[in-house]
Number of protein chains: 2
Amino acid sequence: MNGAPRPSRTSVTKQKLFDATLRLVATRGLAGLTVDDIAAEAGVAKGTVYYNFGSKDALIEALFRYGVSLLAQQIRPRETVDPRQAVEQLVDGMLVFLGEYPSFAQLLVSEMWRTPGQWHQTLSVLREDITSIFREQVALAADAGLLPDGVDVPTASAGLFGTVLVVTLDWQVFHPERSRAEVRESVLALVRGLIHR
Amino acid sequence: MNGAPRPSRTSVTKQKLFDATLRLVATRGLAGLTVDDIAAEAGVAKGTVYYNFGSKDALIEALFRYGVSLLAQQIRPRETVDPRQAVEQLVDGMLVFLGEYPSFAQLLVSEMWRTPGQWHQTLSVLREDITSIFREQVALAADAGLLPDGVDVPTASAGLFGTVLVVTLDWQVFHPERSRAEVRESVLALVRGLIHR
DNA sequence: TCCTTTAAACTGACTGGTCAGTACAAATAG
DNA sequence: CTATTTGTACTGACCAGTCAGTTTAAAGGA
């Protein structure tokens, strides 16, 4: 994993297209997006989209991968810490990322559970990338005996991920006046049911 | 308010259209649905859709209202009980409903947080219908001193609703082999952070 | 019981517009 | 000199919505 490659002309263009797509996707949804609009929003010719991605679907697929890699980078634990803190760091990482890319959260949530939708295969894999990071940390809590009986690690991890996702969206959409600290507290209140004692 | 009127021809047709739409919406999403397909799935001519609803949008809007009224009916508390049990009944009601209408859960989740999407206005109201029922019960728990400090009732209610929604979807999509009892337990494990002591 | 009337309900071919994807010649950047 | 981008124009498929005509069934004679 070396540093980010010096941006070539195409990687700048791809980035512009990702940003434009995220800007548009929140309002109209994936199916409502047109390639013409994406290109216009990015300040790029339509042909450039096809030169870089080959199809609308490929652009979306790349966008999913791009977003998830950013999210994974944000929540991957930097150093080993106390299990309780580790889970809190997970929550903080999610809140930071979703605060920065709210459209991506909407995109995820609106496509994640569609079966057997076009993106289900891809999203299953990407979801696994994220939940496995959660699972690692929750497993540490389990080893420390912090989990109540009858709660298995995979379920708890997936549930935690989903919970943070929807609570954050609810915050952004229905209570934008609330501060991140307040939201952090409500999520952690829920989490305390999981990581107790 | 006399007894339920014998179903007219149109109410049967409308029901068929609701069912067909729910059957199709899980795979392609709202924007991917065509009126031709809905009509075909319902065994009805395209014109009938327009005779009964006037537009595709009106059909979807009616479907949202229909689904939420069913959900509300399912989770509305029958009789006053212990606050802890009341919250568990809320969770059980959600699980029953979402188990019966999985597509509706997908529909809700994929449109609920879209801003300023076409359905945002309607969905805000309908979300309020549901969360207010949650809020009532959670408020009882708060009165009984069961909520930890720093957790306010509206946030906790909305969070609980969202959490049950995504955990259920995750169950249906990624772990269909799990039993409802198991899922119930994982949700309640999370809830125990809220309703403790 | 059988015919007639009426309005509601339904039908499906058709229209007008939209959009993904293509083609390509000319411009520009590295 | 090569990779990339632009702009414009085009095609073919698809789809929401329309509408003139048809069917259904309930009510009312006779």
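Every heavy atom of this structure was used, including side-chain atoms; hydrogens, water molecules and symmetry mates were not. Below, chain A is the first sequence line, B the second, and so on; all start at residue 1. This structure is a prediction, so every number in the text was calculated from the model and none was measured.
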**Request:** Could you check A:Arg178 against B:Thr155 for side chain to side chain donor-acceptor pair (under 3.5 Å), going step by step and ending with a plain yes or no?
**Result:** CA-CA 10 Å; A:Arg178 242 189 268 286; B:Thr155 305; 3.2 Å; yes
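Using a 4.0 Å heavy-atom criterion, one finds that B:Ile38 contacts no nucleic acid atom at all.
Rounded to a whole Å, the CZ atom of A:Phe53 is 16 Å from the P atom of C:dT22. Between the NZ atom of A:Lys56 and the P atom of C:dG21 there is a distance of 8 Å, rounded to whole Å. For the pair B:Tyr50 OH and D:dG17 P, the computed distance is 4 Å after rounding to whole Å.
Around CD of B:Glu177, the count of heavy atoms belonging to other residues, nucleotides or ligands within 6.0 Å exceeds 12.
If you take CE on B:Met112 and NE2 on B:His120, they are separated by 10.0 Å, rounding to the nearest 0.5 Å. From A:Leu140, atom CG reaches atom CD of A:Gln85 across 12.5 Å, with rounding to the nearest 0.5 Å.
The backbone N or O of B:Thr21 lies less than 3.5 Å from no partner atom in the side chain of B:Glu41, so there is not a single donor-acceptor pair.
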**Request:** Could you encode protein contacts along nucleotides 25-30 of chain C as a string, one character per nucleotide from 5' to 3', using B for base contact, S for sugar-phosphate-only contact and - for no contact, with a heavy-atom cut-off of under 4.0 Å?
**Result:** ---BS-
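Distances shown here put every side-chain N or O of B:Thr13 at or beyond 4.0 Å from the OP1 or OP2 atom of C:dA9. For C:dG12, neither phosphate oxygen OP1 nor OP2 lies less than 4.0 angstrom from any side-chain nitrogen or oxygen of B:Lys46. In this model, the phosphate group of D:dT5 is approached by a side-chain N or O of A:Asn52 to a distance below 4.0 Å at OP1 or OP2. For the OP1/OP2 pair of C:dC19 and a distance below 4.0 Å, the side-chain nitrogens and oxygens of A:Thr34 include no atom meeting the criterion. Between B:Tyr51 and the phosphate of C:dA9, there is a side-chain N or O to OP1/OP2 separation shorter than 4.0 Å. Taking side-chain N and O atoms only, A:Thr48 has a distance below 4.0 Å to OP1 or OP2 of D:dT6.
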